[in-house]
Amino acid sequence: MRRPMVAGNWKMHGTCASVAELAEGLRDLALSSDVDVAVFPSSLHISQVLAGLQGVCIQVGAQDCSVEPMPGALTGEVSASQLLDVGCVLVLVGHSERRQLLGETDEVVGRKFAAAQACGLTPVLCVGETLAQREAGKTLEVVSHQLGCVIDELGVGAFSRAVVAYEPVWAIGTGLTATPQQAQEVHAAIRLQLAAESAEVAAGVRILYGGSVKAASAVELFGMPDIDGGLVGGASLNADEFGAICRAAGN
Ligand code: 13P
């Protein structure tokens with residue numbers, strides 16, 4: 001049985017004051033012990049959030065890491081080893097905002113995934129198609145390519161210590177959620193692709209759905225057989241809404 005997981009990606013949001021308030025709200029949530037809960041603040045606020053969530057069963061991760069695993073001369077970057085050192089356990093790699101707006105290639109995403117694992121962090125590999133790609137009937141091809149690049153480079157075994165997040169680009173921040181059936185189809189294809197190399201890895205890997213997840217849509221989404229939880233953007237900035245999404249994953 002896969003343990004459900006709900007993760008909040010705070011993106012480039014927050015001030016010291018708002019982050020303190022959000023962490024306080026998270027502390028007050030009654031969370032089910034059957035669900036892994038994680039938050040991804042901006043790098044600037046990671047230590048503050050770790051301190052604010054001390055003693056609470058919520059993991060903290062980073063939204064990105066350098067392709068170089070170890071510290072060195074690389075201005076502006078943060079290495080996976082540094083993230084581990086401050087207390088992170090997870091890191092997002094290949095979020096569509098980084099792929100699309102910052103030109104991150106599959107090769108770079110693969111190197112970040114490897115850097116994270118080399119340091120003992122669990123990478124959360126984000127994959128997903130644009131609206132144009134979906135409309136052209138290329139959804140499964142695009143997602144399979146993004147996943148395949150990492151499998152080819154690192155082997156399927158790498159996914160025994162990783163999480164996958166399917167985030168259709170057209171659903172991110174738009175209020176348009178993929179239907180549970182649309183999401184399930186892609187999640188099943190991701191699992192099948194992994195199963196072609198290792199049935200055991202495929203059965204164990206958690207595949208999260210991301211894209212305008214709200215408490216109201218979470219129950220149905222998380223009820224699908226291959227959807228193991230969510231990667232939540234906007235709704236994770238509200239502790240009560242995020243808590244309701246976490247509860248939906250425990251049902
Ligand atoms: P929204 O939930 O705001 O659509 O963002 C999803 C996302 O990008 C999470 O990584």
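Counting starts at 1 for both ligands and their atoms, in listed order. Residue numbers count from 1 along this sequence. Not measured: the values here are computed from a predicted model.
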Of all the atoms in ligand 1, which lie at a distance below 4.0 Å from a heavy atom belonging to [X]?
X      : answer
Gly173 : 1 (P), 3 (O), 4 (O)
Ala171 : 4 (O)
Ser212 : 1 (P), 2 (O), 4 (O)

Atom 7 (C) of ligand 1 [closest protein heavy-atom partner, distance rounded to 0.1 Å]: Glu167 OE2, 3.2 Å

Gly211 touching ligand 1 at heavy-atom level, < 4.0 angstrom: yes

Gly175 to ligand 1, any heavy atom closer than 4.0 Å: no

Val35 reachable from Leu53 in the ILVMFWY side-chain graph, under 4.5 Å edges: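 Yes, it is one cluster - the side chains of Leu53 and Val35 are joined through contacts under 4.5 Å.
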
Candidate pair Lys11 and Glu97, rule salt bridge (charged side-chain N to carboxylate O under 4.0 Å, His left out), full reasoning: CA-CA 10 Å; Lys11 307 194 180 186; Glu97 285 151 14; 2.7 Å; yes

Residue part near ligand 1, for Leu231, under 4.0 Å between non-hydrogen atoms: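 Both backbone and side chain of Leu231 come within 4.0 Å of ligand 1.
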
Within reach of ligand 1, part of Cys126 (heavy-atom separation under 4.0 Å): neither

Should [X] be counted as touching ligand 1, given the test is an N or O pair under 3.5 Å?
X      : answer
Gly233 : yes
Gly234 : yes
Lys11  : yes
Asn9   : yes

Counting only heavy atoms from other residues, nucleotides and ligands, does the tally under 6.0 Å from [atom1] of [X] exceed 12?
X      : atom1 : value
Glu220 : CD    : no
Gln133 : CD    : yes
Gln181 : CD    : yes

Point-to-point distance, once rounded to the nearest 0.5 Å, from CG of Leu147 to CD1 of Ile207: 8.5 Å

Glu167 vs Tyr209, side chain to side chain contact (heavy atoms under 4.5 Å, CB included): CA-CA, chis, key distance, verdict: CA-CA 6 Å; Glu167 299 206 306; Tyr209 168 79; over 6 Å; no

4.5 Å side-chain heavy-atom contact, Leu154 and Phe159: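 A side-chain contact under 4.5 Å is absent here.
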
